[in-house]
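Values below: all heavy atoms of this structure, side chains included; hydrogens, waters and symmetry mates excluded.
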Amino acid sequence: MQTTVETTEKHTVKLTIEVPSDQVDKDLDRTYRAIAREIKIPGFRPGKAPKPIIDAQVGRDVVLEEFVNQLVPDYFREAVTDEDLAPIGDPDVDVEQLEPGKSFIFTATVEVRPRLELSEARYTGVKVTRPSTEPTEEEIDSWIERLQRQFAELEPVERPAQESDLVTLSLSAMRNGEPVDELTREGYLYSVGSGEFGETLDAKILGAKPGDIIEFDEDLPAERFGEELAGPVTFKALVKDVKALRLPEPDDAFAATASEFDTVAELREDLREKLQEVKDREAEGVVRDRVLQAMVDDVDVDLPESLIDGETEHRVRHAEQQAARYGLTLDQMLEIQGWDRDRLQQDSRDHALRAIKSDLVLEAVARAESLDVTAEELGVEIGKMAEAYDRDPKELAKQLDRSGQVITLAGDIIRSKALDILVERADISQESPEAAAETEQQADGTEEQA
């Protein structure tokens, strides 16, 4: 099969594809056999009618149309693979020649993804900082407090309920005048601030004393309570008692009880080492993100709007599917998050732009480095997927191959190897404590806005 490629306009190419006559004859025979199996012709068994009879029965034009519909997509995929093109959407196809004994010629005009060409010097020595991984005393204190809470004792208090107290409740729930037994609790130990029954209970229970009765309405979300319990409910709660957590002193006796160490100093040192390991692993991911982002920021590439729009809509559909899994509409989920469709659309577009540019950068590095993927590497990744989804690796491999997803998986592996090269050759310096604090403040501000 021969293919010529002509650029007709920005991001658009016209492929002229010529299929040899011998290949056309074989594929046309397959089309005749497929049609023969689907129609009933008196005097012939299914699939056995000769070509002249089929032509007379359904018309040769219909046969040729079926041939084009069935085989052109295969020819097109083979051509774009050979030419290393990445189409966006379906091509506009024009048949130029389809005659007996001659090659089949058609053109396919299609929009394609742009390609970046990067020299080794361009992607070597990318300057980024590595976040500090030294555990702070505050972080260690936080872990010590978690251990203290595991060994804390409850003691009744006479004062009103405060945050983190535990309150014994008799809780009943009504909907449309009928009791909701699944939400009824008797002698239930409730942690103030847990939000287990929504935010309203926590707001009303602060300051409550034994003997107080609290009534409130709550709209229960499906993602937490399920479809059957979701919706408006009226609660009534009797506060029976209030208990406070009495934390043990973080001394050597506590360390001996809560851990394998004899002193709190040894416990703190062990926590320091474990936190260091965790933060080291997290830092590796941060560095990879920063290196790739630095490359994305450094390249200038003109992207087709259709490519951006397609990736954006894919992300919006994913959000809709997520909402549906929780039994919500997209608008309901956005309202819970304090978002609207305009913000979702803009956020999806921003992420789409970064994802597309990231892929183009990594693909350019992969081409420059002549990276490929081995059967062993594919096997390892398929094995991980099979274990995660509790599937047989061989059956999963067959499914991925049949669906064409194995090509996507191979691409993911190659891009990951390209990112490995970027990180290995990057110029990485240690982030200063001041910069780390500023980054953390920015992240906190972003979370508050979201």
Looking only at side chains, do [X] and [Y] share a donor and an acceptor under 3.5 Å apart?
{"X": "Thr31", "Y": "Glu66", "value": "no"}
{"X": "Asp342", "Y": "Gln346", "value": "no"}
{"X": "Ser132", "Y": "Gln430", "value": "no"}
{"X": "Lys127", "Y": "Ser429", "value": "no"}
{"X": "Glu111", "Y": "Thr12", "value": "no"}

Quiz item: Is atom CD of Glu155 surrounded by more than 12 heavy atoms (other residues, nucleotides or ligands) closer than 6.0 Å?
Solution: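 Counting other residues, nucleotides and ligands, CD of Glu155 exceeds 12 neighbours.
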
Quiz item: Is Lys14 atom NZ crowded by more than 12 heavy atoms from other residues, nucleotides or ligands, each under 6.0 Å away?
Solution: no

I need the single residue from [options] that forms a side-chain contact (heavy atoms from CB on, under 4.5 Å) with [X]. Which is it?
{"X": "Leu396", "options": "Gln405, Glu387, Arg391", "result": "Arg391"}
{"X": "Thr168", "options": "Val239, Asp241, Val242", "result": "Asp241"}
{"X": "Leu15", "options": "Leu85, Thr4, Thr109", "result": "Leu85"}

Ion pair [X]/[Y], N-O distance below 4.0 Å:
{"X": "Arg30", "Y": "Asp27", "value": "yes"}
{"X": "Glu313", "Y": "Arg317", "value": "no"}
{"X": "Glu218", "Y": "Lys204", "value": "no"}
{"X": "Arg122", "Y": "Glu117", "value": "no"}
{"X": "Glu134", "Y": "Lys279", "value": "no"}

So which heavy atom on [X] is nearest to which on [Y], and how close?
{"X": "Ile382", "Y": "Pro393", "answer": "CG2-O, 3.7 Å"}
{"X": "Ala352", "Y": "Glu311", "answer": "CB-CG, 3.4 Å"}
{"X": "Arg367", "Y": "Leu116", "answer": "NH2-O, 2.6 Å"}

Exercise. Could you check whether the rings of Tyr190 and Tyr188 sit parallel, tilted or perpendicular, using 30° and 60° as the cut-offs?
Key: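 Tyr190 vs Tyr188 ring planes: tilted.
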
Quiz prompt | Validation row: Leu371, Ile421 side chains within 4.5 angstrom (heavy atoms) | solution = yes

